[in-house]
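For reference, the structure is listed below as structure tokens.
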Amino acid sequence: MGPAPVSLPAMALPRQSEDFPAWYQEVVKQADMAEPSLARGTMVIKPYGWAIWEVIQRAIDDRIKATGHQNYYFPMFIPAHLLEKEKEHVEGFAPEVAVVTHAGGEKLEEPLVVRPTSETIIWHTYAKWIQSYRDLPLLYNQWANIVRWELRPRLFLRTTEFLWQEGHTAHETAEEAIHEARKVLHEVYLDAVERVLAMPVRAGRKSPSERFAGAEETYTMEALMRDRKALQAGTSHYLGQNFAKAYGVKFLGRDGQEHFAYATSWGVSTRLIGGVIMTHGDDKGLRLPPALAPIQVVVVPIYRAEDEKALVLEAAAKIAAELTPLRVHVDDRAEFRPGYKFNEWELKGVPVRIELGPRDLDAGQVTLARRDVEGKQACPVPEVTARITALMDEVQDSLFRQAVEFRDAHTFRANDYGELAKLVDDPGGFVVGGWCGDAECEAKVKADTKATIRYLPLDPEPAEGDCLVCGRRATEEAAWAVAY
RNA sequence: CGGGACGUGGCGCAGUUUGGUAGCGCGCAGCGUUCGGGACGCUGAGGUCGCGGGUUCAAAUCCCGCCGUCCCGACCA
């Protein structure tokens with residue numbers, strides 16, 4: 001639970017450095033983003049959390065469309081037998097699948113699986129949609145909820161039901177599909193996450209053991225949280241012909257021959273919200289980058305007597321109006337004093353605060369406070385719009401830079417196994433070093449240290465050193481970390 | 001799903017050892033004074049003590065069973 005001093009109001013947060021999980025839970029709760037719901041592992045996303053998700057959705061969706069994809073929607077129930085056609089896929093997902101066995105007051109003839117992901121039903125359907133190379137590529141995406149039974153849920157990071165988008169594309173050639181998977185990783189995910197969420201990520205490939213069940217190659221973007229644990233922020237898969245073969249998706253090619261289609265799938269989820277919290281948050285609570293913040297600027301009016309109140313509120317309304325189209329909120333609640341409001345908006349991560357009181361009015365200025373750095377500054381009223389507009393970019397850049405510096409300061413090179421084991425634990429972070437490609441070496445690291453390979457180079461270069469684990473020739477460099 | 005801890009007004013807790021009137025802080029409602037970094041006073045509302053069974057004149061308290069939450073492990077976006 002952390003210290004939670006009795007003398008302070010209930011809002012006081014545990015310190016990040018003392019109890020990071022408790023800090024995270026309290027931020028989610030006190031910033032009013034989400035709360036656990038009745039069924040184990042499920043959550044209610046509250047309006048403030050949902051507003052953040054809407055901005056994320058917009059950022060991702062715009063880029064999905066800009067890269068030539070269309071949205072559609074598939075049902076959440078999948079006949080159980082469909083799931084079983086792709087062997088690795090079903091084995092990978094079996095432990096976390098929820099199955100509906102009864103409905104309409106009777107036992108179902110065939111159980112229905114609640115989708116843990118939609119490859120099966122989608123590729124079953126694609127078999128009907130694809131006849132010729134002229135039907136390709138298929139570039140589609142859906143926004144959906146999915147269910148993966150979770151034994152140890154955490155709000156946003158790991159819940160039994162979660163929201164995401166899943167893209168499912170079909171292609172004529174392997175090269176084209178691989179290109180698609182990489183393109184989405186960079187032009188949709190990496191771009192949105194770094195530019196909007198200000199969350200720095202490293203793009204790479206997953207090792208075979210960390211691959212999506214049924215994929216030939218899984219591309220990932222990995223972020224580093226402030227407790228020095230890695231977070232898989234999004235994945236994009238090259239599925240080869242595995243699903244086409246399992247579901248009979250054949251087309252007549254340019255050569256007059258039948259071919260199986262090549263597939264990709266890719267997704268990001270509400271987990272990104274957890275990533276934002278743990279990338280930027282500090283001991284005062286959330287810190288949101290302006291591009292993501294539902295409220296970009298909050299105006300806190302300060303007044304004593306009624307006549308003062310009228311003047312201040314009028315000035316506040318005028319400033320707010322001039323800041324359009326920025327997302328501005330004037331906090332004119334009478335039941336709280338200014339100091340309380342400062343703390344509350346800092347907890348909720350609003351990037352810029354304008355304080356406006358009698359002293360400011362007299363001086364023809366407002367007082368500005370940025371969430372990304374300490375301190376306040378005065379700003380003459382005529383310059384407010386220009387200054388705030390500039391601050392949106394400044395705070396956005398500043399939060400991204402702080403996160404990059406933290407990440408880079410916690411990325412290490414290990415020269416031997418002892419260093420690897422030491423560094424992933426203390427201080428923690430990404431630890432890079434040679435790997436021979438053997439799953440046994442990977443498993444040994446996990447057993448010894450809890451760290452897993454988070455990413456491998458997108459385009460491996462000829463290895464120079466030896467495998468950190470077994471000493472044999474390394475085939476490529478791996479980045480290890482303890483992960484969420 | 002295994003090991004451990006814990007379930008008492010909305011939140012955080014005391015009370016359980018030794019059975020007997022449910023209590024504190026925060027929050028909430030009304031009124032008043034306040035208002036530049038988490039205000040204060042007065043008044044008030046709110047609890048089948050996780051659920052079910054048992055022991056007893058009497059159970060938050062003792063016994064049995066179940067459910068849930070959190071932490072640690074195996075699985076995961």
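Sequence neighbours left out, the pairs with a member in residues 177-187 of chain A that pass salt bridge (charged side-chain N to carboxylate O under 4.0 Å, His left out) are A:Arg182-A:Asp459. Among pairs with a residue in residues 267-279 of chain A, none fulfils side chain to side chain donor-acceptor pair (under 3.5 Å), at least two apart in sequence or across chains. For residues 273-292 of chain A, no residue pair satisfies the ring pair (Phe, Tyr, Trp, His ring centres under 6.0 Å) rule, not counting sequence neighbours.
Using a 4.0 Å heavy-atom criterion, one finds that A:Thr235 contacts no nucleic acid atom at all. Within 4.0 Å (heavy atoms only), A:Thr367 reaches at least one base atom of the nucleic acid. Counting non-hydrogen atoms under 4.0 angstrom, A:Glu96 reaches the backbone sugars and phosphates but no base.
Using a 3.5 Å distance cut-off with no hydrogens or angles, the side chains of A:Tyr303 and A:Asp332 do not pair a donor with an acceptor. A donor-acceptor pair shorter than 3.5 Å can be found between the side chains of A:Ser207 and A:Glu442. For the residue pair A:Arg454 and A:Thr452, a side-chain donor N or O sits within less than 3.5 Å of a side-chain acceptor on the partner. Of the N and O atoms on the side chains of A:Gln25 and A:Arg154, not one donor lies less than 3.5 Å from an acceptor on the other residue. In summary, the side chains of A:Asp61 and A:Asn71 do present a donor paired with an acceptor at a separation below 3.5 Å, with no hydrogens or angles considered.
Under the Watson-Crick and G-U wobble criteria, each requiring two contacts below 3.5 Å, nucleotide B:A29 is paired to B:U43. Pair check for B:U18 finds none; no Watson-Crick or G-U wobble contact set falls under 3.5 Å. If you check B:G2 for Watson-Crick or wobble pairing at under 3.5 angstrom, you find it paired to B:C72.
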Identify each atom pair where a protein N or O and an N or O of nucleotides 66-69 of chain B are less than 3.5 Å apart, giving names and distance.
from	atom 1	to	atom 2	distance (Å)
B:U69	OP2	A:Arg40	NH1	2.8

Interface polar pairs with nucleotides 32-35 of chain B, N/O, under 3.5 angstrom:
from	atom 1	to	atom 2	distance (Å)
B:C35	O2'	A:Tyr303	O	3.1

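Residue A:His237 contributes atom NE2, which lies 8 Å from atom P of B:A77 at whole-angstrom precision.
Near RNA chain B, meaning a heavy atom under 4.0 Å away, the residues from residues 349-361 of chain A are A:Arg353, A:Glu355, A:Gly357, A:Pro358, A:Arg359, A:Asp360. Contact check of residues 157-167 of chain A against RNA chain B (heavy atom, cut-off under 4.0 Å) returns A:Leu157, A:Arg158, A:Thr159, A:Phe162. Using a 4.0 Å cutoff on non-hydrogen atoms, the parts of residues 270-298 of chain A near RNA chain B are A:Arg271, ordered by number. A heavy atom closer than 4.0 Å to some atom of RNA chain B occurs in A:Gln232, these being the qualifying members of residues 195-232 of chain A.
One N or O donor and one acceptor, one from the side chain of A:Lys376 and one from the base of B:G37, sit under 3.5 Å apart.
Residues satisfying the side chain to side chain donor-acceptor pair (under 3.5 Å) criterion with A:Tyr24, sequence neighbours excluded, are absent altogether. Here A:Gln70 pairs with A:Tyr140 under the side-chain contact (heavy atoms from CB on, under 4.5 Å) rule; sequence neighbours left out. A search for ring pair (Phe, Tyr, Trp, His ring centres under 6.0 Å) contacts involving A:Phe212 returns A:His89, A:Phe93, A:His237, not counting sequence neighbours.
The environment of A:Arg333 atom CZ is dense: over 12 non-hydrogen atoms of other residues, nucleotides or ligands sit within 6.0 angstrom.
Nucleotides of RNA chain B nearest to A:Ala483 and A:Pro21 differ in position, and the one nearer the 5' end is that of A:Pro21. Ranked by how close their nearest RNA chain B nucleotide is to the 5' end, A:Ala369 and A:Lys450 are led by A:Ala369.
The aromatic rings of A:Tyr126 and A:Phe74 sit perpendicular, their planes meeting at an angle over 60°, well past the 30° parallel limit.
Less than 6.0 angstrom separates the ring centroid of A:His329 from the ring centroid of A:Trp345.
Geometric assessment of A:Lys206 against the ring of A:Tyr219 yields a negative cation-pi assignment under the 6.0 Å and 45° thresholds. Figure legend: A:Arg205 and A:Trp435 shown without cation-pi pairing, the cationic atom not lying both under 6.0 angstrom from the six-membered ring centre and within 45 degrees of its axis. Geometrically, A:Lys341 does not engage A:Phe336 in a cation-pi contact, judged by NZ or CZ lying under 6.0 Å from the ring centre and within 45° of the ring axis.
On the C1' atoms, B:U55 is 15 Å away from B:G65, given to the nearest whole Å.
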Side chain to side chain contact (heavy atoms under 4.5 Å, CB included) between A:Val432 and A:Trp480: does it pass, once the steps are laid out? CA-CA 6 Å; A:Val432 179; A:Trp480 275 273; over 6 Å; no
